[in-house]
Structures are given as structure tokens and as C-alpha cells.
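Let me begin by presenting the structure, written as C-alpha cells, before commenting on it.
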Amino acid sequence: MKPDLNVALLNAAQEIISRFSPLIDDEYERSRLSSWGALVLISAMKLDEAGASLDKENRDIIEWLLSNSRIQENELELLKSADSGNNTISFLDENNQKLRRILTDEVEFLESDGQRAKVLSAYELFRSMHQRRKVSDLVGLLQQNTD
């Protein structure tokens, strides 16, 4: 990612949080604007690692599907982003959405089939995917900086 984009996002977030937000009298509106500033800041901080994170998540889902579901490797061939040579964030995210849908469908099937161990394994995968997307830790840091 171009460093200029990260710098521009960081500057925009800083302006929103430190300059514009304090000028608003309404507490609710000030909170909303600060939240938007925080999201811009988090985006700037996470932008460089977003592609690698999506690619890892896609590989984790494919690995789980191949070892725990009815899905065959040839059905997932087009969704293997690491082998495709096209690792843009848009491409990775599109594949991620498709893989998450397949994973959800498989978990529903496994639940109806009574395969408890595999379902629990899928829940562990869901938790790890959720952990990668959490921003709550950063929001706490931002609130400390604005006080």
C-alpha cells in the first residue's frame, strides 16, 4: 500500500478526533464523529495487514473445509487466492465472502447430521476469524488519547 494513503488517513483521523469533534456541543453527535475518526484511524493502522489477514483467513477456511466437510479440493480451486497471482484486497475479500458462505452452509449440514466434534472445530475457526477482525482493543486506546 502506498505510504501516502496511510499518512492521509492518519491525518484525517487526527483532525476529526482532535480538532472537529471538540467543536460540537451535542454529546451524541460528538461521540458519533469521534467514532468515525476512530474507524478512519483503525483503517489506516490495519490497511497494510488487511490483505495478509484475508489471505490467511481464506487459507484457514479452505484447510478446514478440506479436512472436515463434504467439499472436494477441485470445488475450491478458484478460491485459492495464494495460487491465483491476484492478491488485491478486493479479490481476497470477494473470495473470503464466498468461503464464509460455504463454511456456514457446511456447518449447518454438520449440525443437522449430528457431527458435534466437527461443528465444535468449526466454531473454533469462527472464533479465530472473529479475533482477527476485532477493533475493540484499539477503540479503548483511542478513547484514552482523546480524554
Side-chain angles (χ1 to χ4, degrees), residues 1-21 28-146:
M1 189 57 54
K2 289 179 68 176
D4 298 344
L5 183 57
N6 284 17
V7 171
L9 286 171
L10 287 170
N11 288 338
Q14 186 177 23
E15 291 290 313
I16 290 170
I17 293 169
S18 65
R19 293 189 73 196
F20 297 122
S21 186
Y28 174 74
E29 293 299 329
R30 182 175 39 242
S31 175
R32 281 177 28 115
L33 186 59
S34 292
S35 296
W36 277 105
L39 289 174
V40 171
L41 182 60
I42 291 165
S43 297
M45 293 166 52
K46 295 261 184 192
L47 196 58
D48 289 331
E49 65 188 58
S53 181
L54 277 170
D55 188 49
K56 174 157 179 30
E57 188 167 296
N58 291 352
R59 284 185 277 119
D60 288 349
I61 294 171
I62 288 171
E63 181 182 314
W64 188 92
L65 287 169
L66 291 176
S67 61
N68 294 290
S69 75
R70 311 168 286 172
I71 304 293
Q72 301 298 314
E73 188 167 3
N74 62 343
E75 297 175 69
L76 300 173
E77 202 60 42
L78 292 175
L79 300 173
K80 288 184 174 182
S81 53
D83 300 335
S84 70
N86 185 0
N87 288 331
T88 65
I89 290 178
S90 297
F91 177 81
L92 294 170
D93 186 54
E94 185 178 321
N95 281 353
N96 186 263
Q97 296 304 314
K98 291 174 186 175
L99 286 166
R100 289 163 68 96
R101 182 70 214 150
I102 293 168
L103 177 61
T104 301
D105 290 344
E106 283 302 303
V107 170
E108 287 177 10
F109 170 77
L110 293 170
E111 287 174 336
S112 68
D113 201 35
Q115 297 186 37
R116 189 171 194 273
K118 289 183 178 182
V119 171
L120 292 175
S121 170
Y123 289 167
E124 288 177 25
L125 177 59
F126 282 130
R127 273 190 216 101
S128 73
M129 290 162 46
H130 177 71
Q131 281 299 109
R132 280 189 209 105
R133 295 170 183 251
K134 278 176 62 172
V135 296
S136 58
D137 298 335
L138 292 173
V139 172
L141 290 173
L142 291 170
Q143 288 174 339
Q144 290 173 1
N145 289 338
T146 59

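Nearest heavy atom pair, residue S34 against residue S21, reads OG-OG, 2.7 Å. Looking at every heavy atom in both residues, L66 comes nearest to Q72 through CD2-C, 3.9 Å. Taking each heavy atom of A12 and V40 in turn, the nearest pair found is CB-CG1, 4.4 Å.
To the nearest 0.5 Å, atom CG of residue L33 and atom CD1 of residue I17 are 9.0 Å apart. Rounding to the nearest 0.5 Å places CD of E57 at 9.5 Å from CG of D93. To the nearest 0.5 angstrom, R70 atom CZ is 8.5 Å from D113 atom CG. From S69, atom OG reaches atom CD1 of I62 across 11.0 Å, with rounding to the nearest 0.5 Å.
Annotation: side chain of E106 is not in contact with side chain of K118 (no heavy-atom distance under 4.5 Å). Two residues are said to be in side-chain contact when any heavy atoms from C-beta on lie closer than 4.5 Å; F109 and D105 fail this criterion. Side-chain atoms of I61 and I102, non-hydrogen and from C-beta on, never get closer than 4.5 Å to each other.
With N68 contributing its side chain and W64 its backbone, the two residues share a donor-acceptor pair below 3.5 Å.
Looking at residues two or more places apart in sequence or on another chain, you find a side-chain hydrogen bond (donor to acceptor under 3.5 Å, both in side chains) between E73 and K80.
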So T104 and F126, side-chain contact (heavy atoms from CB on, under 4.5 Å) or not? Walk me through it.
CA-CA 10 Å; T104 301; F126 282 130; 4.2 Å; yes
L103 and M129: side-chain contact (heavy atoms from CB on, under 4.5 Å), yes or no, with the steps?
CA-CA 12 Å; L103 177 61; M129 290 162 46; 4.2 Å; yes
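Heavy atoms of other residues, nucleotides or ligands lying less than 6.0 angstrom from CD of E63 number 12 at most.
Salt bridge R116/E111: absent, no basic N to carboxylate O contact under 4.0 Å. We find that E124 and R127 are not joined by a salt bridge, their nearest charged nitrogen and carboxylate oxygen being 4.0 Å or further apart.
Using modelled atom types and a 3.5 Å distance limit, the side chains of N58 and N95 yield no donor-acceptor pair.
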